[in-house]
**Student:** 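The structure follows.
Side chains included, hydrogens not; waters and symmetry mates left out as well; all remaining heavy atoms used. Start at 1 and go down the list; that is how both ligands and their atoms are numbered. Worth saying up front: this structure is predicted, and the values here are computed from it rather than measured.
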Amino acid sequence: MDFVTLNNGVRMPRIGLGVWRVPDDEAAAAAATAIEAGYRSVDTAKLYRNERGVGRAVRASGVPREELFVTTKLWNDEHGYDAALRAFDASMDRLGLDYLDLYLIHWPVPARDRYVETWRALERLCAEGRVRAVGVSNFTVETLDRLLGEAGIVPAVNQIELHPMLPQAELRGYHAEHGIVTEAWSPLGQGRGLLEEPVLAELAAKHGRSPAQVVLRWHLQLGGVVIPKSVTPSRIAENIDVFDFVLDPGDMAAIAVLDSGTRLGPDPATFNRAD
Ligand SMILES: NC(=O)C1=CN([C@@H]2O[C@H](COP(=O)(O)OP(=O)(O)OC[C@H]3O[C@@H](n4cnc5c(N)ncnc54)[C@H](OP(=O)(O)O)[C@@H]3O)[C@@H](O)[C@H]2O)C=CC1
Ligand SMILES: O=C(O)C(=O)[C@@H](O)[C@H](O)C(=O)CO
């Protein structure tokens, strides 16, 4: 496993298991399979209703806790200083862990305009050592600019929708300028459409890999962190077997043609759902 070093010195695995839309028991099984296969990072959220399963798998893994990296996220109805502190306690109760590795504000929810206040609570949790690093998700250049103008800690990570159809060049450039690690969600385009693109089949054949492995390699070569979701043991193993081949500049350019600006998830500038 490769690692990135976050802006506070914490090391984060470059590949983690995503578990969105995975029921609790299935998430526990997938996380156990992943850890057994060599993953050291799992990405959950209060929204996913599977923090309990992820925590069970982490505790039962037999791998020392300090070798594992657990991320969870505060949901949109938990913004606000006190609400965020309560949300963290509730997530930690569900996870059954003594400390967390990364806590993220899931969405900025611009219509509520409470993300700066929420961030202050995350800064406090970090200062108290209850979480090793804090970050955001789905923040835009605009919401990051505002946060950085008022924050004491620069977010370690911004977890954003990122795949060859939506390569997010501007936001990645902003992250690089400010020392924020880019973490890609829906990195495989949610497993539909993208993976059937002929150019990916060609590159897969050229490298003797699968289209998913080619896409994950593309992510790694952009320089960030990636969290593919799978509940299929063979795919879980396949998705971390990407550290021993390299896409050349021509391969990267061929994948760049897939940029269509297509979002698979909500637009963070207007996503204000808080139920
Ligand atoms: N911060 C945010 O707002 C968001 C965060 N996320 C996070 O990002 C994670 C990943 O994104 P997600 O939207 O789940 O989608 P992904 O892009 O990771 O795609 C997952 C889909 O691809 C399939 N798949 C996985 N590996 C392979 C493979 N090797 N070959 C073919 N198909 C494959 C999976 O099938 P199967 O499971 O059946 O094997 C599943 O249907 C989430 O699980 C979540 O943790 C996601 C959305 C928003
Ligand atoms: O999966 C996540 O982390 C999300 O935030 C998304 O599911 C998001 O809430 C969404 O897609 C709602 O339609």
**Student:** Side chains of His163 and Glu161 only: does a donor on one sit below 3.5 Å from an acceptor on the other?
**Tutor:** yes
**Student:** Give the protein residues with at least one non-hydrogen atom closer than 4.0 Å to an atom of ligand 1, ordered by chain and number.
**Tutor:** Gly18, Val19, Trp20, Asp43, Tyr48, Lys73, His106, Trp107, Ser137, Asn138, Gln159, Trp185, Ser186, Pro187, Leu188, Gly189, Gln190, Gly191, Leu195, Ala212, Ile227, Pro228, Lys229, Ser230, Val231, Thr232, Arg235, Glu238, Asn239
**Student:** Would you please determine whether Pro266 falls within less than 4.0 Å of ligand 2 on a heavy-atom basis?
**Tutor:** yes
**Student:** Decide, yes or no, whether a salt bridge links Asp98 with Arg130 under the criterion of side-chain N to carboxylate O below 4.0 Å.
**Tutor:** no
**Student:** Would you call Arg86-Glu78 a salt bridge at under 4.0 Å N-O?
**Tutor:** no
**Student:** Looking at Arg52 and Asp93, does any basic side-chain N land under 4.0 Å from a carboxylate oxygen?
**Tutor:** no
**Student:** Quick one: look at Asn138 and ligand 2, take heavy-atom pairs under 4.0 Å, and tell me if it's side chain, backbone, both or neither.
**Tutor:** neither
**Student:** Indicate yes or no: does Lys73 engage Asp43 in a salt bridge with an N to O separation below 4.0 Å.
**Tutor:** yes
**Student:** Does a side-chain N-to-carboxylate-O contact under 4.0 Å join Asp77 and Arg273?
**Tutor:** no
**Student:** Using a strict threshold of under 4.0 Å (side-chain N to carboxylate O), is an ion pair present between Glu238 and Arg235?
**Tutor:** no
**Student:** State the atoms of ligand 2, each with its element, that fall below the 4.0 Å cut-off from a heavy-atom position in Tyr48.
**Tutor:** 1 (O), 2 (C), 3 (O)
**Student:** Applying a strict 4.0 Å limit to heavy atoms, is Phe271 in contact with ligand 2?
**Tutor:** yes
**Student:** Under 4.0 Å from ligand 2, counting heavy atoms only, is it the side chain of Lys73, its backbone, both or neither?
**Tutor:** neither
**Student:** Take the angle between the ring planes of His207 and Phe245 and call it parallel below 30°, perpendicular above 60°, tilted in between.
**Tutor:** tilted
**Student:** Ion pair present between Glu202 and Lys206, side-chain N to carboxylate O less than 4.0 angstrom?
**Tutor:** no
**Student:** For ligand 2, is Arg273 a contact, meaning one of its heavy atoms is under 4.0 Å away?
**Tutor:** yes
